[in-house]
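A quick note: this is a predicted structure, and the numbers were derived from the prediction, not measured.
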Amino acid sequence: MEQRRSFLKMIGLSVLGTIIGRAIIGREMLWLMLSKLTKVQAAEAPKQYGMVIDLRRCIGCHACSMACKLENNQPTGLVDGELETPNRRINWSIVLGREDGEQEKGKYPLLSKRFLPRTCMHCIDPPCTKVCPVDATYRRPEDGIVVVNYDRCIGCRYCMSACPYGARYFNWKKPDLGRPENPQVPVRPVGVVEKCTFCKHRIERGLEPACVETCLGRARIFGELSDPNSKVSKLIRERGAFRLLEDYDTKPSWYYLPW
Amino acid sequence: MTNIEDVILNQLTKTTKRFYAFIGALLVMVAWGAFAWSIQLTRGLAVTGMNIPVYWGVYISNFVFLIGISHAGIAISAAVRLLRLELYRPLTRMAELLTIISLMLAAMNIVFDLGRPDRVLNMVFFADLSSPLVWDFISVSTYFILSTAYLFLGMREDLSRLADRLPGRRWLYKALSAGWSGSEQQRFGQERVLRWMAIIILPVMVSVHTTVAWIFGLQIAKPIWHESGLGPYFVTGAIVSGISMVTVIAWILRRLLGWGKFFTLEIFRGLGNFLRAVLLIYAYFMIAEQVTIRYGGESASLEVLEFYSTGAYAPYFWSFVILGTVIPFLILCIPRTRSIGGIVLASILVTVFMWVKRVIIIIPALMHPVLPPGIGMSTGIYAPTWVEWSILGGSYALGALLYTIFMKFFPIIDLEIGK
């Protein structure tokens with residue numbers, strides 16, 4: 001009898017707790033907490049920047065990667081100390097490919113080579129920002145750029161594991177540029193994660209990202225996806241653009257025009 | 001029956017040379033680990049074997065293993081209380097202590113893995129509820145606080161008795177017993193609190209390893225992890241490794257202290273039987289995983305599965321299958337080998353190879369990112385460096401040190417047994 005009474009008391013208390021809890025934090029807060037546990041549709045940004053890559057124009061020259069390194073204070077890998085291996089380099093922008101010849105198309109003399117440049121996809125539904133335990137990486141609500149707060153990042157590398165595109169890089173050691181740094185971009189400290197910022201410091205001054213400006217074949221087109229009349233929006237509509245790993249429903253704002 | 005109580009108390013008062021030598025050896029190992037960590041702190045994680053795309057290495061694998069080890073302790077203790085399994089009473093405190101120390105080591109392993117250990121408190125100040133890592137942080141800290149409180153409350157009576165028996169350390173035990181008088185009312189209240197705590201701890205325990213599994217299983221970018229079964233799979237593995245670790249430690253205490261009358265063959269048989277059953281469930285999960293992925297043939301998962309079961313990691317995988325499941329299972333089945341020695345041998349095999357299995361779960365999946373790496377980059381290779389091994393060794397030595405020191409100050413067996 002005594003036991004049953006205490007059991008009922010327990011149930012009563014927990015119901016009461018729930019009611020009081022809801023009264024204090026409110027229905028909206030409760031919904032917010034619940035929605036954190038599930039995949040939610042990303043909020044529509046007033047402005048959404050995006051990139052279109054015309055794959056037929058890409059010649060695989062890596063000029064974009066080099067321009068990116070210089071613009072954004074990434075070590076070039078030429079100054080490596082004993083601790084640097086190719087697998088620890090920082091390459092915000094990179095040209096994907098395999099060395100087993102898979103990227104070749106056709107037979108001699110009608111032979112072409114295919115390349116797949118990639119940086120951060122600035123997904124509209126990014127898997128990386130969701131897993132960050134300290135909210136150090138987030139999608140900027142004003143223009144949809146996914147950025148990292150280098151002062152808050154704890155370096156757990158969870159976002160790197162969660163990103164299907166491998167677009168995120170970690171500072172395994174203290175960065176050694178071996179050249180004067182670009183003062184507009186902070187040099188990241190050891191132990192934090194970094195990635196492409198769409199050259200936000202250039203966009204804010206009305207310039208295009210460094211990779212777009214450098215591209216020899218003019219394969220990169222940068223613009224506003226949110227504007228249906230922009231060049232990028234038109235190209236996407238007219239040329240049957242695709243995105244990388246669309247199955248994962250991350251909604252990248254990077255589009256490729258097919259070969 | 002004060003005889004038995006004296007035996008337990010002897011352990012607290014009589015200190016041999018061997019004990020000091022053991023503590024000394026552990027301190028040397030801890031110092032070596034600390035030295036290795038200082039190197040990692042000054043030069044960055046570049047001194048480890050981790051790279052792109054193997055972002056996580058043995059620290060995280062070891063974290064998963066240690067969280068698993070933490071599972072058996074409180075589970076045994078709570079089960080003993082709730083189901084009144086008086087036979088296993090001698091195991092309760094040593095198992096609870098194992099839980100608490102392995103949780104501390106697990107938390108340390110996370111800190112080793114961070115690029116910025118100086119910012120670890122950001123996990124509290126800026127906790128973002130959408131991250132499974134935060135769920136895990138909440139659930140592990142709840143588990144840690146509950147377990148510590150549970151151990152402490154269960155020990156108060158012993159502490160007050162120690163205050164009477166050992167006048168030299170009276171002040172310590174008196175303070176820690178927190179006003180225990182042993183009155184009927186106090187005893188009744190305490191027992192009720194502990195029962196409720198035992199009931200609450202069991203689901204929290206399941207949540208702990210489920211959220212650990214979800215750190216991995218909720219990522220879409222790693223198809224082999226992205227399975228609904230990962231939670232139960234991890235929980236089962238945790239119970240397997242936890243039970244076998246408890247068996248090993250019970251055996252060490254039996255041998256070192258000559259406590260054959262507390263840790264009896266019957267207890268080892270019981271642990272062995274339980275281990276046998278959970279091992280079978282674990283094997284079932286593994287077979288289910290193999291069949292699902294191989295039959296479906298989804299390329300990203302299959303690539304990882306083949307890498308570890310028939311590719312480069314096959315030696316580790318098959319040594320786990322044979323030495324970590326089949327042979328222990330047979331040892332635990334055949335009546336002739338179900339001696340204490342046999343059961344302990346099986347437990348040692350299971351513990352060691354469950355560690356290997358944790359590595360097999362974590363690292364091959366990271367080695368195979370869904371997108372090919374850039375030109376000039378090799379695909380995933382990973383070999384831990386001496387820094388990683390030293391830090392791991394040092395942290396285990398610290399765990400052993402804490403365990404030993406605890407045993408020097410507090411009875412590792414409930415004094416109630418003496419009654």
Side-chain angles (χ1 to χ4, degrees), chain A residues 6 10 32-33 35-37 60 62 65 81 83-89 91 94-99 102 115-116 118 127 129-136 151-158 160-166 169-174 189-193 244-245 247-250, chain B residues 41-48 50-56 60 110-111 113-137 192 196 215-216 218-223 225 365-366 369-382:
Chain A
S6 66
M10 205 57 195
L32 185 73
M33 283 166 80
S35 68
K36 289 260 188 194
L37 307 182
H62 299 267
S65 307
L83 298 175
E84 178 145 327
T85 68
N87 281 24
R88 296 218 183 96
R89 295 219 177 106
N91 301 301
I94 202 169
V95 180
L96 294 179
R98 292 187 178 182
E99 283 168 357
E102 234 179 62
F115 302 96
L116 194 70
R118 81 106 185 81
T129 59
K130 220 162 39 174
V131 298
C132 179
V134 296
D135 206 12
D151 295 330
R152 190 187 282 187
C153 172
I154 58 171
C156 66
R157 305 186 294 291
Y158 198 177
M160 300 173 76
S161 178
C163 173
Y165 307 98
Y169 292 88
F170 184 69
N171 284 279
W172 301 96
K173 56 170 188 160
K174 196 168 175 293
V190 62
V192 303
V193 173
L244 270 190
L245 304 176
D247 292 357
Y248 290 155
D249 203 25
T250 55
Chain B
L41 287 177
T42 46
R43 299 173 74 184
L45 285 172
V47 296
T48 68
M50 289 185 273
N51 57 53
I52 299 164
V54 190
Y55 311 119
W56 291 334
I60 292 291
I110 288 288
V111 176
D113 186 71
L114 291 184
R116 299 298 304 225
D118 53 320
R119 294 180 184 167
V120 65
L121 284 180
N122 282 8
M123 285 281 285
V124 180
F125 298 139
F126 304 108
D128 184 346
L129 270 185
S130 65
S131 168
L133 205 57
V134 171
W135 308 348
D136 193 47
F137 181 70
R192 212 162 72 156
W196 276 109
I215 291 178
F216 306 99
L218 299 188
Q219 299 178 32
I220 46 165
K222 303 281 182 293
W225 289 342
L366 287 161
V370 285
L371 275 189
I375 292 170
M377 310 252 297
S378 58
T379 36
I381 39 166
Y382 172 74

Task: Reported CD1-to-CG distance for the pair B:I110 and B:D136, which is rounded to 0.5 angstrom - done: 7.5 Å
Task: Backbone N/O of B:I215 and side chain of A:Y158: donor-acceptor pair under 3.5 Å - done: yes
Open item on the list: Please rank B:F126, B:F216, B:F125 by heavy-atom pairs under 4.5 Å with chain A and give me the top one.
Closed with: B:F126
Task: A:R118 NZ/CZ over A:Y165 ring centroid, <6.0 Å and within 45° of normal - done: no
- [ ] Tell me, for B:L218 versus chain A, whether the close heavy atoms (under 4.5 Å) come from the side chain, the backbone, both or neither.
- [x] neither
Task: Region of A:P133 that comes under 4.5 Å of a non-hydrogen atom in chain B - done: both
Open item on the list: I need the residue from A:S65, A:C153, A:A136 with the largest number of non-hydrogen atom pairs under 4.5 Å to chain B.
Closed with: A:C153
Task: Heavy-atom contact with chain B under 4.5 Å, split by part of A:C156 - done: both
Open item on the list: For B:L366, which atoms come within 4.5 Å of any heavy atom of chain A: side chain, backbone, both, or neither?
Closed with: side chain
Open item on the list: Let's test your reading of the structure: which of A:D135, A:V134, A:I154 forms the most heavy-atom pairs below 4.5 Å with chain B?
Closed with: A:I154
Open item on the list: Between B:R119 and B:P117 (side chain of the first, backbone of the second, donor and acceptor by atom type, cut-off under 3.5 Å), is there such a pair?
Closed with: no
Open item on the list: Rounded at 0.5 Å granularity, tell me how far NE2 in A:H62 sits from CD1 in A:I94.
Closed with: 8.0 Å
Task: Among B:V120, B:N51, B:L133, residue most engaged with chain A (heavy-atom pairs, under 4.5 Å) - done: B:N51
Open item on the list: Check whether A:R88 reaches the backbone of A:F170 with its side chain - one donor and one acceptor, N or O, closer than 3.5 Å.
Closed with: no
